[in-house]
2 protein chains.
Amino acid sequence: MDTRLLRTLQVLARTGSFTATATELHVVQSTVTTHIKLLERHLGARLFDRLPSGAKPTEAGERVLAAAQEVLAAEQRLLDTVQGTPAVAGDVRLGAPESMCAYRLPTIIADLALRWPGVTVHLTPVGTRRALDAVHDGGLDLALVLEDDPPSTTLDATPVGSERIDLVAAPNHPDTGRYFLLEEGCSYTDRFARDLADAHPTRFGSIEAARSCVVAGLGLSVLPRVSVADQLADGTLRCVAELPESTLFLVTDPRRTASAAVRVACQALKALSD
Amino acid sequence: MDTRLLRTLQVLARTGSFTATATELHVVQSTVTTHIKLLERHLGARLFDRLPSGAKPTEAGERVLAAAQEVLAAEQRLLDTVQGTPAVAGDVRLGAPESMCAYRLPTIIADLALRWPGVTVHLTPVGTRRALDAVHDGGLDLALVLEDDPPSTTLDATPVGSERIDLVAAPNHPDTGRYFLLEEGCSYTDRFARDLADAHPTRFGSIEAARSCVVAGLGLSVLPRVSVADQLADGTLRCVAELPESTLFLVTDPRRTASAAVRVACQALKALSD
DNA sequence: ACCCACTATCGATAACATCGATCCATGGAC
DNA sequence: GTCCATGGATCGATGTTATCGATAGTGGGT
């Protein structure tokens with residue numbers, strides 16, 4: 001059923017005139033006749049008495065008219081629904097490297113929660129590979145990945161910052177030949193590990209754990225500078241070499257329409273580069 | 001807006017598949033695509049993400065979907081409205097000759113009120129001419145008129161009984177040459193008055209008044225037998241002559257659709273002939 | 001690397017809504 | 001009483017559009 005028919009019904013009930021209704025709706029009079037006749041045939045009841053004094057709703061017409069008001073009101077609410085600014089509320093599932101989770105994202109997420117009380121961010125530490133998979137299949141709304149180049153997938157990846165990577169050791173400790181690296185899935189660690197000839201690095205799932213080993217003089221590690229900045233400043237650690245800078249990409253799935261909550265989260269994360 | 005689009009939206013949200021939706025709605029898949037695209041263009045928002053795993057409503061889609069449920073529910077109520085038996089309730093404006101008002105209709109209307117508690121009958125004593133005019137311009141829903149022939153108007157007149165008309169006088173009183181007749185507008189009285197050569201009859205608006213004068217031996221009157229049946233039986237009055245029988249017509253306006261209340265009143269009145 | 005399932009697109013066709021003109025009924029004026 | 005004006009119903013023509021059927025393109029699974 002076309003709601004225009006109901007609109008014609010409504011106007012005709014108000015004006016009582018087919019001609020006036022046609023004028024008001026910018027159609028010709030025969031169209032109004034057709035509309036009402038269609039409704040009457042579809043509903044199987046006469047809706048108006050055509051009297052010389054004007055069209056007057058029948059008993060059935062009065063009832064249909066009341067119901068039509070409801071339908072049109074519901075339709076109007078539907079239109080308003082899409083017009084009105086959607087409430088910025090809901091969950092945002094964000095994946096990020098552990099270094100980001102620990103050192104940069106907490107303040108960003110705290111600010112976000114302050115500005116948008118309805119938004120809840122669920123932060124998951126996750127490496128590049130699993131992050132891309134999760135964004136792809138909907139397990140995550142957003143992901144931050146630390147890579148040299150944009151990942152070659154169907155996903156969107158926009159650079160939002162960069163991360164210095166340092167090869168660090170304890171001061172006054174010679175190179176023991178032992179390495180304490182992060183788990184696989186961390187791109188810069190993996191790249192470094194491939195370049196290590198036959199060494200068998202110890203792998204940790206925690207930045208804190210790897211760093212502690214290095215601080216204790218047990219060996220070397222490859223860590224984002226942000227995670228060792230304090231130690232480099234107070235001399236607890238020293239930078240043996242600077243590895244190539246990695247770029248931080250914000251990854252989204254272009255096939256998925258971002259909710260308002262996800263959009264504000266995106267915006268906040270893109271401000272990382274400032 | 002066509003509500004079929006909303007139905008398509010609804011089914012697609014449930015099935016998540018354009019093809020399955022098409023099958024369920026007995027259309028081809030491209031039609032479903034067109035429907036959703038029309039909605040999205042009309043509303044100016046993407047409603048579904050087309051993912052390999054199926055179509056999933058966006059945030060806007062979820063809100064539109066909820067609103068669409070309301071619209072479809074309202075439309076369903078509209079359809080139900082016209083299907084459901086209308087409540088037999090409301091006013092019935094009935095006009096009738098004074099004789100009917102006084103002697104026959106009271107029991108009929110009382111029965112009606114008993115059978116249909118929601119129906120209120122407004123009974124007005126009215127002559128043929130004014131009755132026809134009132135039915136014609138909507139002042140009355142129904143009218144009973146006492147005539148020899150169906151009135152030649154655009155109105156419907158169905159015979160529902162007949163009325164014996166008597167020329168009555170008091171027993172043992174000679175014809176004084178004086179007549180106590182009802183007011184103009186009473187057809188049988190008017191016809192009788194035309195046949196009276198030069199006599200100047202007294203006109204009363206009340207049957208009771210005219211009859212009382214006759215009982216008192218002041219002259220003659222022309223009255224429906226039902227109004228003098230008691231007096232004829234106990235000898236208070238005698239029948240001088242029987243005038244031609246008049247037919248009682250139930251008059252309605254065919255251009256007006258009768259409400260349920262009017263219809264039950266009509267049925268009750270047509271049972272007069274039994 | 002191939003195949004399969006699914007959706008978007010496009011051209012053709014048929015259906016339908018709208019229009020414009022005309023007919024008809026009614027009511028009022030002269 | 002006849003005439004005229006008003007307003008709705010009807011009908012044929014026309015333009016739009018919804019639907020179909022076929023095809024291309026995409027991504028996933030084997």
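Order of the sequence lines sets the chain letters (A, B, ...), proteins ahead of strands, with each chain counted from 1. What you see below is based on every heavy atom in this structure, not just the backbone, and it leaves out hydrogens, waters and symmetry mates.
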In whole angstrom, give the distance that lies between atom [atom1] of [X] and atom [atom2] of [N].
X: B:L51; N: D:dT26; atom1: CG; atom2: C1'; result: 13 Å
X: A:R41; N: C:dC16; atom1: CZ; atom2: C1'; result: 12 Å
X: A:F48; N: D:dG7; atom1: CZ; atom2: C1'; result: 16 Å
X: A:K56; N: D:dG8; atom1: NZ; atom2: P; result: 16 Å
X: A:I36; N: C:dT18; atom1: CD1; atom2: C1'; result: 16 Å
X: A:L25; N: C:dT18; atom1: CG; atom2: P; result: 10 Å
X: B:R7; N: D:dT19; atom1: CZ; atom2: P; result: 14 Å
X: B:H35; N: D:dA18; atom1: NE2; atom2: P; result: 8 Å

Pair [X] + [Y], salt bridge at N-O below 4.0 Å:
X: B:E62; Y: B:R46; result: no
X: A:E40; Y: A:R50; result: yes
X: B:R4; Y: A:D2; result: no

Is there a side-chain polar atom (N or O) of [X] under 4.0 Å from OP1 or OP2 of [N]?
X: B:H136; N: C:dT26; answer: no
X: B:T31; N: D:dC20; answer: yes
X: B:R4; N: D:dT19; answer: yes
X: B:T33; N: C:dA8; answer: yes
X: A:R50; N: D:dT6; answer: no
X: B:K37; N: C:dT7; answer: no

| said: Under a 3.5 Å cutoff, is there a donor and acceptor pairing between the side chains of A:E147 and A:T128? | reply: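 Yes, A:T128 and A:E147 have a side-chain donor paired with an acceptor closer than 3.5 Å.
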| query | Just checking, any donor-acceptor pair under 3.5 angstrom between side chains of B:D49 and B:T58? | reply |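 The criterion, which ignores hydrogens and geometry beyond distance, is not satisfied for B:T58 and B:D49.
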| message | What's B:S17 touching, base or sugar-phosphate or nothing? Going by heavy atoms closer than 4.0 Å. | response |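 Sugar-phosphate, backbone atoms only, no base.
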| When we call it a touch if two heavy atoms are under 4.0 Å apart, what does B:V32 touch: a base, just sugar-phosphate, or nothing? |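 The answer is nothing, as B:V32 stays clear of every strand by at least 4.0 Å.
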| said: Heavy atoms from C-beta onward define the side chain here; which of C:dT26, C:dG20, D:dA9 lies closest to that of A:F18? | reply: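 Output: D:dA9.
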| Nucleotide of C:dA17, C:dA8, C:dC6 approaching A:L38 most closely (side-chain heavy atoms) |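 Looking only at heavy atoms from C-beta outward on A:L38, the closest nucleotide is C:dA17.
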| message | Can you work out whether A:R255 or B:T34 has the more 5'-proximal nearest nucleotide on DNA chain D? | response |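 So the residue in question is B:T34.
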| query | Less than 3.5 Å between a donor and an acceptor, one on the side chain of A:S30 and one on the base of D:dG8, is that the case here? | reply |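 Answer no: no donor N or O sits under 3.5 Å from an acceptor.
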| said: I want to check something: taking the side chain as every heavy atom from C-beta on, are B:F48 and A:T257 in contact at a cut-off of under 4.5 Å? | reply: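 B:F48 vs A:T257: side chains apart.
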| field | Which residue lies more 5' along DNA chain C, comparing A:V28 with B:G16 via nearest heavy atoms | value |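 The answer here is B:G16.
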| More 5' along DNA chain C: A:L5 or B:A55, using each one's nearest nucleotide? |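 Nearer the 5' end of the strand: B:A55.
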